[in-house]
Undergrad: 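Once you've had a glance at the structure underneath, I'll fire off some questions.
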There are 2 protein chains.
Amino acid sequence: MLEAALALCREKGFAALTIEAIAERAEVSKKTIYRWWPSKGAVLLDAVSLLAGRVADFPDTGDLEDDLTAQISVIVDLLTPPDSSPVAALVTEGQRDATLGAQIRDDVVQPTIVNFDARMRSAQAAGQIPSDVDLDVAVDLFYGPVYHRLALRLGMPDQAQIRARVRHVIAGLNALG
Amino acid sequence: MLEAALALCREKGFAALTIEAIAERAEVSKKTIYRWWPSKGAVLLDAVSLLAGRVADFPDTGDLEDDLTAQISVIVDLLTPPDSSPVAALVTEGQRDATLGAQIRDDVVQPTIVNFDARMRSAQAAGQIPSDVDLDVAVDLFYGPVYHRLALRLGMPDQAQIRARVRHVIAGLNALG
DNA sequence: ACCCTGACGACACGCTACGTGTCGTTTCGT
DNA sequence: ACGAAACGACACGTAGCGTGTCGTCAGGGT
């Protein structure tokens, strides 16, 4: 069923993602889906969790700029193309459904931020960024551009654009501490 | 009708915003709404335009940090609280409806970015930021944190948090050029 | 070998919202 | 005063939701 949800989202896009369509696609009765998930969003959340393992694993090669560029590129890939990305659909669904939104934040986003913080502290230990930078500020600055462009449909950044933004943020952190 | 849409969104939240509810609230027949707007999102777009005049008017006091903090605060106010903000609802609706999303981008976002660019060039002329900064990077960095926090339900930043982010971005622009 | 349980598919149901259609009435410009 | 345009009231068919009922089928325990 989870694979059916992902496939449907990728093929027909966001709007086609209904419980009834998933049921038909998975050759399963609607009732069975409702037996296991309370809502369409919950199905999506589980489906996305299948392929979101990469996000949590934060690279640490020693080069902060490379690592952040790589990590953010993974997220951009997951959100591309926005109109048929299951992850983008999940984020949007989380806007409408407060319960689902909170679950996404707590189960997916926060663990990722924890790993981000760990990588930042590693960079601080290596003297690549000041030891007193506010990591809440840092996470907003690094990931913000992606969600800005996603929300306002400004087009997803390519590798070079991601790197340019990462470089500016690192510079800002170093300049202000 | 536009006022009814805004009021409904603020009172009952996002989910309650249906064409039928707007019609009842505005004491108007459904048919009349469909005569003037093709979709719920289009109504929202016009309604939001009523109160979005402030966004386009970019302050220029000479202090870049103050101006950006003020401008971004206006946007944060418009997006607060996320669960019942008509503007946040419009952004979300723009994710599902590609046509509406493109219209939002072209009619609302791009004009704002044009004014942002003008303010940046003013700052460049004043020597507050380097003359060769990429303004596409700048707009992502300044506005990104807001949409990052909106999309992932991390809570809207307050004035001090906005200022902290603006300061870091300005520092980054100056450090790299 | 037996049965019991739990998950399942095939329906059918009521509900809400959508988007359209019809028709008679009101409003407004000229 | 008249005609067109906009309107309200109401009905309609459709889609998707979430639930309920019932008969079937497979596995596990005894």
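To find a chain, count down the sequence lines: A is the first, B the second, and so on, and within it residues start at 1.
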Undergrad: Answer yes or no: does a side-chain N or O of B:W37 lie under 4.0 Å from OP1 or OP2 of C:dG19?
TA: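 For C:dG19, OP1/OP2 do not have a side-chain N/O of B:W37 under 4.0 Å.
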
Undergrad: How long is the line joining CD of B:E93 and P of C:dA17, in whole Å?
TA: 15 Å

Undergrad: Side-chain N or O of A:W36 less than 4.0 angstrom from OP1 or OP2 on C:dA7?
TA: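 Negative; the distance criterion is not met.
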
Undergrad: Are A:R165 and B:D136 close enough for a salt bridge, meaning some N to O gap below 4.0 Å?
TA: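 Result for this pair is no, no salt bridge flagged.
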
Undergrad: With respect to the side chain of B:E20, which nucleotide from C:dG9, D:dG16, C:dA17 is positioned closest?
TA: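 When the side chain of B:E20 is considered, C:dA17 is the closest of C:dG9, D:dG16, C:dA17.
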
Undergrad: Which nucleotide sits closest to the side chain of B:S29: C:dC18, D:dG8, D:dC17?
TA: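 Looking only at side-chain atoms, B:S29 lies closest to D:dG8.
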
Undergrad: What is the separation between atom CD1 on A:I33 and atom P on C:dA10, rounded to the nearest whole Å?
TA: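 Between P of C:dA10 and CD1 of A:I33: 13 Å.
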
Undergrad: Measure from CG on A:L17 to P on D:dA15 and round the result to the nearest Å.
TA: 18 Å

Undergrad: Is there a donor on the side chain of A:K30 or the base of C:dG9 sitting less than 3.5 Å from an acceptor on the other?
TA: no

Undergrad: Tell me the interatomic distance from B:E27, atom CD, to C:dT26, atom P, rounded to whole angstroms.
TA: 17 Å

Undergrad: Has the side chain of A:K31 got a donor or acceptor that lies under 3.5 Å from a partner of the other kind on the base of D:dG20?
TA: yes

Undergrad: Can you check whether B:T18 has a side-chain N or O nearer than 4.0 Å to OP1 or OP2 of C:dT16?
TA: no

Undergrad: Side-chain contact test, heavy atoms from C-beta onward, threshold under 4.5 Å: evaluate it for A:R35 versus A:K31 and give yes or no.
TA: yes

Undergrad: Name the orientation class of the two ring planes belonging to B:F116 and B:Y143 (parallel below 30°, tilted from 30 to 60°, perpendicular beyond 60°).
TA: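 Because their plane-to-plane angle is over 60°, the rings of B:F116 and B:Y143 count as perpendicular.
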
Undergrad: Indicate if A:L64 and A:L176 have the same hydrophobic cluster label, given that clusters are the connected sets of ILVMFWY residues with side-chain heavy-atom separations under 4.5 angstrom.
TA: no

Undergrad: What is the distance, to the nearest angstrom, from the CD atom on B:E24 to the P atom on C:dC18?
TA: 12 Å

Undergrad: Rounded to whole Å, how long is the line connecting atom CZ of B:R35 with atom P of C:dC23?
TA: 15 Å

Undergrad: In whole Å, I'd like the distance from the OH atom of A:Y34 to the P atom of C:dC11.
TA: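 Checked: the OH to P distance equals 19 Å.
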
Undergrad: Without hydrogens or angle criteria, can the side chains of A:D66 and A:T61 be said to hold a donor-acceptor pair below 3.5 Å?
TA: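 Result is no, nothing qualifies.
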
Undergrad: Can you tell me the distance, in whole Å, between the CZ atom of A:R96 and the P atom of C:dA17?
TA: 13 Å

